[in-house]
Amino acid sequence: QVHLVESGGGLVQAGASLRLSCASSEDNFSRYPMGWFRQAPGKEREFVAIIGPRGSYFDYADSMKGRTAISRDNARKIIYLQMNSLKPEDTAVYYCVQKRDATLTDTYRQDSYPYWGQGTQVTVSS
């Protein structure tokens with residue numbers, strides 16, 4: 001069983017920045033794509049970003065492009081989500097995820113990720 005633990009959420013004002021972290025217990029961490037999803041109140045859970053195993057592949061939701069950066073430190077088994085120019089609509093619980101396999105297919109599908117963290121709350125006030 002893989003354990004993912006997020007941190008870094010909080011309450012910020014619109015326009016601020018926040019960096020989320022996720023620590024993994026996976027022994028073969030550098031083998032798997034890792035990512036983030038989020039769920040806003042009353043809304044469906046949605047894809048935010050993904051990073052490939054070596055950190056050279058990235059993909060972002062359209063709503064996050066240009067103001068978000070995902071990165072990873074394979075030696076420390078941690079991924080990060082740097083979010084800038086935060087908006088009230090970014091308010092959500094953010095979940096760290098590990099992909100089922102080493103491929104970069106079906107990355108937008110929630111069922112591609114068997115391992116989820118407990119989530120960290122991000123609240124952006126206007």
Side-chain angles (χ1 to χ4, degrees):
Q1 183 72 17
V2 175
H3 295 284
L4 303 172
V5 180
E6 303 98 334
S7 60
L11 171 63
V12 297
Q13 291 188 328
S17 297
L18 210 55
R19 188 176 81 158
L20 307 183
S21 301
C22 171
S24 172
S25 68
E26 168 64 59
D27 289 339
N28 297 302
F29 178 80
S30 64
R31 182 179 299 177
Y32 297 98
M34 301 288 296
W36 294 90
F37 279 71
R38 70 183 182 184
Q39 187 166 22
K43 295 189 175 181
E44 297 283 322
R45 196 171 293 184
E46 62 178 2
F47 169 83
V48 173
I50 186 171
I51 186 167
R54 300 299 182 186
S56 58
Y57 172 87
F58 317 94
D59 192 16
Y60 300 94
D62 288 343
S63 61
M64 307 303 286
K65 287 179 181 176
R67 60 190 184 94
T68 302
I70 187 171
S71 60
R72 66 191 293 161
D73 183 336
N74 284 346
R76 299 178 63 196
K77 300 195 290 185
I78 297 176
I79 68 167
Y80 303 97
L81 187 70
Q82 176 69 43
M83 299 186 291
N84 303 317
S85 303
L86 283 162
K87 307 173 184 179
E89 50 264 44
D90 294 319
T91 294
V93 177
Y94 285 71
Y95 297 92
C96 173
V97 295
Q98 178 179 308
K99 202 163 181 293
R100 179 181 308 280
D101 52 40
T103 69
L104 291 168
T105 56
D106 297 322
T107 55
Y108 297 166
R109 296 173 58 100
Q110 294 183 46
D111 60 6
S112 293
Y113 304 90
Y115 301 111
W116 292 68
Q118 82 287 351
T120 187
Q121 176 70 46
V122 172
T123 303
V124 184
S125 63
S126 57

- Would Tyr115 and Gln1 count as a side chain to side chain contact (heavy atoms under 4.5 Å, CB included) if you check the C-alpha gap in whole Å, the side-chain angles of each, and the deciding distance to 0.1 Å? CA-CA 8 Å; Tyr115 301 111; Gln1 183 72 17; 4.1 Å; yes
- Just by distance, do the side chain of Lys99 and the backbone of Thr105 share a donor-acceptor pair under 3.5 Å? yes
- Query: Side chains of Met83 and Arg67: does their closest heavy-atom pair fall under 4.5 Å?
  - Reply: no
- Return each pair, listed once, that meets salt bridge (Lys or Arg N to Asp or Glu O under 4.0 Å) where at least one residue sits in residues 7-35; pairs must be two or more places apart or across chains. none
- Item | Side-chain heavy atoms of Leu4 within contact of Met34, under 4.5 Å | yes
- Message: Give me the atom names and distance for the closest heavy-atom approach of Tyr94 to Val48.
- Response: CE2-CG2, 4.3 Å
- Task: Output every pair passing salt bridge (Lys or Arg N to Asp or Glu O under 4.0 Å) with a member in residues 73-85, not counting sequence neighbours, ordered by first then second residue.
- Result: none
- Note on the structure: Residues Leu20 and Trp36: closest non-hydrogen pair is CB-CH2, 3.7 Å
- Query: Parallel, tilted or perpendicular for Trp116 and Phe37, by the 30°/60° rule?
  - Reply: tilted
- For residues Thr107 and Pro33, determine if any side-chain heavy atom of one lies less than 4.5 Å from a side-chain heavy atom of the other. no
- Message: Can you list everything that forms a side chain to side chain contact (heavy atoms under 4.5 Å, CB included) with Pro88? Sequence neighbours excluded, please.
- Response: Ala14, Val124, Ser126
- For the student: nearest non-hydrogen atoms of Arg45 and Gln110, plus distance: O-NE2, 3.2 Å
- Query: Given side chains that start at C-beta, do those of Ser30 and Arg54 come closer than 4.5 Å, heavy atoms only?
  - Reply: yes
- Would Lys87 and Asp90 pass as an ion pair if we require N to O under 4.0 Å? no
- Query: Do Tyr95 and Tyr113 have their ring centres less than 6.0 Å from each other?
  - Reply: no
- Message: Quick check: do Ser21 and Tyr80 have side-chain heavy atoms less than 4.5 Å from each other?
- Response: yes
